**Student:** 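Structure in structure tokens, see below.
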Amino acid sequence: MKILFLGDVMGRAGRKAITERLPGLRGDWGLDFIVVNGENASAGAGLTPDHARGILDAGADCVTLGDHAFDQKDMLRFIESEPRILRPLNYAKEAPGKGARLFSDARGRKILVTQALGQVFMKRPFDDPFSAVDAVLRAHPLGGLAQAILVDMHCEATSEKMAMGHWCDGRASMVVGTHTHVPTADAMILGGGTAYLSDAGMSGDYNSVIGMDKAEPMRRFITGMGRERFTPAEGEATLSGFYVETDDRTGHAKRCTPVRVGGRLAQVTPLSAAV
Ligand SMILES: [Fe+2]
Ligand SMILES: [Fe+2]
């Protein structure tokens, strides 16, 4: 199965890149399944139903969220009616929606997608992600009900992400980090067959401070005082993510590469690079 994961869509610039570029990528790269992290798509904070529909209509088969899952309050209701949107498994006990779901691709192959929030350096205390992901993986063994399994590990610390990668090694097809908005250069296939990348990066304008217009974040760092709200940067976005090919029989990764399309970052596609 050929799977594309794209990191946090950031504001209008990120949505525009998704709408303009994602429809073509499915055909160009022969993609079977596309997952997009949408937690910052609406003004940098959360995801409105309209913007969620825009990402799904552009070709995403599944949209994951994150700590900003419900910043846009309409999502609290909308997520119950749109099963293609997942919130973190361990967001809160009473949270609406689901944190894991089994999807089918166009050929009927099953792919399980789940997302967990980390605990290190996060603003709110979330439940233990390792036991939460473990329960999901035990219920869906690779090569059984699921031909592929994708774990989106949404957190700040690369150490916690790497630990999750090894925790899932051999049990998931891929573990990809989100939340920091900066792509890491450690795409690899772990010993047990799981493709791993500490952070997918954002799908947003990199002429920014992690996707926000740089003036206000710089002012806060330099003077220690805020003056305005953060607003997303509006320049051309780079779609940034992780491409993985899996073996349908074992569910393990055969090939993986980071992806960066458009905008300011050095360009990488599945056709130009491989790990
Ligand atoms: Fe984010
Ligand atoms: Fe986040």
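If you're wondering where the values come from, they're calculated on a predicted model, not measured in any experiment. Counting convention: from 1, in listed order, for ligands and their atoms alike.
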**Student:** Got a sec, which residues hit salt bridge (charged side-chain N to carboxylate O under 4.0 Å, His left out) with Glu160, two or more places apart in sequence or on another chain?
**Tutor:** none

**Student:** Closest heavy-atom contact between Thr257 and Phe242?
**Tutor:** O-CD1, 3.5 Å

**Student:** Identify which protein N/O/S atoms are less than 2.8 Å from the Fe ion (ligand 1).
**Tutor:** Asp8 OD2, Glu39 OE2, Asn40 OD1, His181 NE2

**Student:** Please find the pair of heavy atoms, one from Met212 and one from Pro217, that lie closest to each other, and give the distance.
**Tutor:** CB-CG, 4.2 Å

**Student:** Can you list the residues that meet the side-chain contact (heavy atoms from CB on, under 4.5 Å) rule with Ala135, with sequence neighbours excluded?
**Tutor:** none

**Student:** Quick one: closest heavy-atom pair of Thr48 and Ser42, and the distance?
**Tutor:** N-OG, 2.9 Å

**Student:** Of all residues at least two apart in sequence or in a different chain, which pass the side-chain contact (heavy atoms from CB on, under 4.5 Å) check with Ser198?
**Tutor:** Thr158, Met162, Thr184, Asp186, Tyr196

